[in-house]
Q: 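My questions will all concern the structure given below.
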Amino acid sequence: MISHEMNGLYAITPGITDTTQLCEMTRQAIAGGVQYVQYRNKIADYRLRLAQANALSKLCKQYGTRLIINDHYDLAIEVDADGIHIGKEDIAITDARDYLGKNKIIGVSCYNQLELALGAERMGADYVAFGAFFCSKTKTNTVRASTDLLSEAKKKLNIPIVAIGGITLANASSLIAHGSNSIAVCHELFGTQDIQFVAKKFSQLFFRTEQTFSSSS
Ligand SMILES: Cc1ncc(COP(=O)(O)OP(=O)(O)O)c(N)n1
Ligand SMILES: Cc1ncsc1CCOP(=O)(O)O
Ligand SMILES: [Mg+2]
């Protein structure tokens with residue numbers, strides 16, 4: 001387990017087959033201030049996943065942005081990504097750690113369950129993710145998480161918290177204010193004409209929310 005400050009915008013890539021387009025969209029997101037990129041593609045076959053993950057790995061290394069691979073620990077190793085994100089249908093945390101080693105990031109989906117998050121932390125997760133907080137256009141089979149859960153989790157966890165699911169520029173601030181260190185976004189970021197602009201707007205929310213906190217405390 002590595003100790004790192006997880007902060008800011010976490011981009012979840014859209015499931016598209018055009019690798020050049022995927023890289024250009026991701027490059028724009030990084031230019032707008034994205035701190036973490038998650039390669040998530042549920043429709044690609046092995047060859048396309050490998051090609052896309054390799055291309056994103058090169059891109060992220062070029063800009064010093066962390067790349068997380070969704071689901072596939074073997075792909076993360078293959079492309080020398082910074083870590084993986086796993087959920088309830090994926091590899092166990094302890095097995096992932098054995099394969100990836102102590103220097104890689106392991107993120108774990110905890111849906112709307114604090115108990116899962118406490119267990120994930122004990123097993124060596126580097127961050128936990130809660131959600132969906134809102135209705136997601138990207139993933140429909142989700143459970144709903146609340147800001148109360150975020151506040152409770154903030155008190156009990158020592159590792160960073162990521163919020164995900166239907167997050168927009170209009171609803172993100174309340175998640176940050178309730179203790180989310182990072183917000184993971186797909187549609188609101190990649191479904192727009194000006195990805196760089198939207199990424200910048202999301203990134204500014206962190207700065208503003210933190211400023212509001214420190215000036216009022
Ligand atoms: C940051 C982040 N949080 C949650 C998820 C969802 O993971 P999972 O439950 O394994 O579902 P899939 O994404 O695999 O459909 C995530 N990918 N990233
Ligand atoms: C992977 C995942 N897990 C819960 S919601 C979601 C999708 C996030 O994408 P969007 O920001 O478009 O809702
Ligand atoms: Mg998964």
Side-chain angles (χ1 to χ4, degrees), residues 4 6-16 22 25-26 29 32 34-44 49 52-53 56 65-76 81-93 95-96 100 104-114 116-117 119-121 125-146 149-150 153 157 159-176 180-192 195 198-199 201-203 205:
H4 70 284
M6 187 150 195
N7 211 272
L9 182 58
Y10 183 162
I12 308 284
T13 60
I16 57 176
L22 175 68
M25 290 165 88
T26 306
V34 157
Q35 299 292 305
Y36 292 79
V37 171
Q38 181 186 122
Y39 173 56
R40 180 178 185 273
N41 194 331
K42 295 280 178 178
I43 54 168
R49 272 204 306 272
Q52 293 192 330
L56 288 177
T65 305
R66 290 224 166 95
L67 176 67
I68 307 290
I69 303 288
N70 190 46
D71 297 343
H72 303 279
Y73 72 92
D74 48 343
L75 185 60
D82 296 287
I84 57 164
H85 185 92
I86 49 179
K88 63 180 189 303
E89 280 158 17
D90 307 315
I91 187 175
I93 300 171
D95 291 341
L100 292 174
K104 296 292 183 183
I105 299 167
I106 297 180
V108 179
S109 289
C110 297
Y111 310 99
N112 56 5
Q113 295 174 48
L114 182 54
L116 275 184
E121 180 176 271
D126 294 292
Y127 73 82
V128 289
F130 293 111
F133 283 89
F134 306 98
C135 183
S136 171
K137 291 194 170 85
T138 306
K139 187 172 167 85
T140 47
N141 56 334
T142 59
V143 293
R144 196 52 60 90
S146 69
L149 169 69
L150 274 183
L157 290 167
I159 54 176
I161 299 170
V162 176
I164 191 168
I167 301 176
T168 64
L169 284 169
N171 63 31
S173 298
S174 97
L175 303 175
I176 300 166
S180 173
N181 300 87
S182 171
I183 49 170
V185 184
C186 181
H187 183 77
E188 178 87 344
L189 180 62
F190 290 111
T192 172
I195 295 169
V198 173
K201 288 282 162 204
F202 269 119
S203 303
L205 293 178

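Counting starts at 1 for both ligands and their atoms, in listed order.
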Q: Just jot down the ligand 1 atoms closer than 4.0 angstrom to any heavy atom of K139, in number order.
A: 11 (O), 12 (P), 15 (O)
Q: Look at the rings of Y36 and Y10 and say which category their plane angle falls in: under 30° parallel, 30 to 60° tilted, over 60° perpendicular.
A: tilted
Q: Are any of the N or O atoms of S109 closer than 3.5 Å to those of ligand 1?
A: yes
Q: List every atom of ligand 1 that sits less than 4.0 Å from any heavy atom of Y111, numbering the atoms from 1 in the order shown and giving each element.
A: 8 (P), 9 (O)
Q: Hey, could you give me the OH/CD1 distance between Y127 and I68, rounded to the nearest 0.5 Å?
A: 5.0 Å
Q: Indicate, as side chain, backbone, both or neither, the part of K88 found under 4.0 angstrom from ligand 1 when only non-hydrogen atoms are considered.
A: neither
Q: By the definition side chain to side chain contact (heavy atoms under 4.5 Å, CB included), identify the one residue from L169, V34, I176 that meets it with F202.
A: L169
Q: So which atom in L100 and which in I84 form the shortest heavy-atom distance, rounded to 0.1 Å?
A: CD1-CG1, 3.5 Å
Q: Could you tell me the residue and atom name of the protein heavy atom closest to atom 13 (O) of ligand 1, and the distance to it rounded to 0.1 Å?
A: R40 NE, 2.8 Å
Q: Please report the closest heavy-atom contact between N41 and Q52, naming both atoms and the distance.
A: ND2-OE1, 3.0 Å
Q: Looking at atom 2 (C) of ligand 1, what's its closest protein heavy atom, distance included?
A: H85 CE1, 3.3 Å
Q: In Å and rounded to the nearest 0.5 Å, what is the CD1 to OG1 distance from I69 to T13?
A: 8.5 Å
Q: How long is the span from the CD1 atom in I161 to the CE atom in M6, to the nearest 0.5 Å?
A: 11.5 Å
Q: If every non-hydrogen atom of V162 is compared with every non-hydrogen atom of S180, which pair is closest and at what distance?
A: C-OG, 4.1 Å
Q: If you leave out waters, which protein N, O or S atoms are less than 2.8 Å from the Mg ion (ligand 3)?
A: D71 OD1, D90 OD2
Q: Looking at ligand 1, does any of its N/O atoms fall within less than 3.5 Å of an N/O of Y127?
A: no
Q: Drop me the distance from K137's NZ to C186's SG, to the nearest 0.5 angstrom.
A: 11.5 Å
Q: Do the side chains of I164 and K139 get nearer than 4.5 Å, heavy atoms only?
A: no
Q: Looking only at heavy atoms, which two atoms of I167 and L175 are closest? And how far apart?
A: CD1-CD1, 3.5 Å
Q: Where do A163 and F133 come nearest, in terms of heavy atoms and distance?
A: CB-CE1, 3.5 Å
Q: Apply side-chain hydrogen bond (donor to acceptor under 3.5 Å, both in side chains) to H85 and S109, showing your working.
A: CA-CA 8 Å; H85 185 92; S109 289; 2.8 Å; yes
Q: In Å and rounded to the nearest 0.5 Å, what is the CG to CD distance from D71 to Q38?
A: 8.0 Å
Q: Hey, which atoms in ligand 1 end up nearer than 4.0 Å to a heavy atom of D90?
A: 10 (O)
Q: Closest approach of A172 and I183, non-hydrogen atoms and distance?
A: CB-CD1, 3.6 Å
Q: Using a 4.0 Å cutoff against the non-hydrogen atoms of Q38, which atoms of ligand 1 qualify?
A: 1 (C), 2 (C), 16 (C), 17 (N), 18 (N)
Q: One residue to check: E89. Relative to ligand 1, which of side chain, backbone, both or neither has a non-hydrogen atom less than 4.0 Å away?
A: neither
Q: What protein heavy atom sits nearest atom 12 (P) of ligand 1, and how far off is it?
A: K42 NZ, 3.5 Å
Q: So if I only count non-hydrogen atoms and take anything under 4.0 Å from ligand 2, which residues does that give, chain by chain?
A: R40, S136, T138, K139, T142, I164, G165, G166, V185, C186, H187
Q: I need the atoms of ligand 1 closer than 4.0 Å to a non-hydrogen atom of N70, numbered in the order shown.
A: 12 (P), 13 (O), 14 (O), 17 (N)
